[in-house]
Amino acid sequence: MDDEQDIISAWIATEIIPHESAVHGWLSRRWSHVVDVEDVIQDAYCRIANLACVDHIDNPKAYFFRTAHAVLTDMMRRAGIINFTSATQIDLSNVMDIEPLVDRRLEAVQELDRVNKLLSRLSDTHRQAIELRRIEGLSRKETAERLGLSADALKKQIERSIHQVMKAMVEQDAQITDAERKQAKG
């Protein structure tokens, strides 16, 4: 089994499975008369397990609910259930909005911009290695082949690159903290 698949399996065990009863309850209350809830949950697990990576998922519980809803939607479309759109809109109007607040989104955009600037300081090969593995979700083997490296060399490159980026972030944070202290004493 590929390293990334091992990571995804472990992530599912810790971040998704604990929410199964909540998803099951939600589906049962609203849709058990239309679909087999166990089938929906099983298909949701399959979709999540087939992801290339899970780094982009900030809220696993919400992701599990959305995935289950997508499976439900597909099943109902295949079954030809009439007026599905209005039923879905009514059902979704009862779901609490779990989207991040505007200030959290702004912070995330700023942090992403910061990381992108730090990545741009890396050599092309190091940056490409991180982009292919962490952003595009390629396996270590696929990434190594594209870059003409051995898997071990790739692993070391990624570790060094991430270390460089993390070190730069720590240094930037220290500079900000020092500046804030000086301003407070001011």
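Note: hydrogens, waters and symmetry copies are ignored here, and every other heavy atom, side chains too, is used. This chain uses plain numbering: 1 for the first residue, then up along the sequence.
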Would you indicate whether the side-chain heavy atoms of [Y] and [X] approach each other to under 4.5 Å?
{"X": "D74", "Y": "R47", "value": "yes"}
{"X": "I130", "Y": "H126", "value": "no"}
{"X": "W26", "Y": "H69", "value": "yes"}
{"X": "E15", "Y": "F64", "value": "no"}
{"X": "K155", "Y": "E159", "value": "yes"}
{"X": "R160", "Y": "H163", "value": "no"}

Count the heavy atoms of every other residue, nucleotide or ligand shown that sit under 6.0 Å from CE of M166, and state whether that count exceeds 12.
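No, CE of M166 has 12 or fewer neighbouring heavy atoms, counting only those of other groups under 6.0 Å.
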What's the separation between atom CD1 in I48 and atom CD1 in I16, rounded to the nearest 0.5 Å?
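Result: 4.5 Å between the selected atoms.
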Please round to the nearest 0.5 Å and tell me the distance separating atom CG of L132 and atom CD of E145.
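One finds 12.0 Å between CG of L132 and CD of E145.
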Fit a plane to each ring of Y63 and H56, take the angle between them on a 0 to 90° scale, and name the class: parallel (under 30°), tilted (30 to 60°) or perpendicular (over 60°).
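Correct class here is perpendicular.
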Taking all non-hydrogen atoms of both residues, which atom of A129 and which atom of Q157 are closest, and how far apart?
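Heavy atoms of A129 and Q157 come nearest at CB-OE1, 4.1 Å.
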Among Q128, E142, R146, side chain to side chain contact (heavy atoms under 4.5 Å, CB included) partner for E136
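Among Q128, E142, R146, the one that satisfies the side chain to side chain contact (heavy atoms under 4.5 Å, CB included) with E136 is R146.
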Taking Q110's backbone N and O only, do any of them form a donor-acceptor pair with R114's side chain (distance below 3.5 Å, no angle check)?
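Not confirmed, R114 side chain does not pair with Q110 backbone.
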Should D113 and K117 count as an ion pair when the cut-off is N to O under 4.0 Å?
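Yes, charged N to carboxylate O under 4.0 Å.
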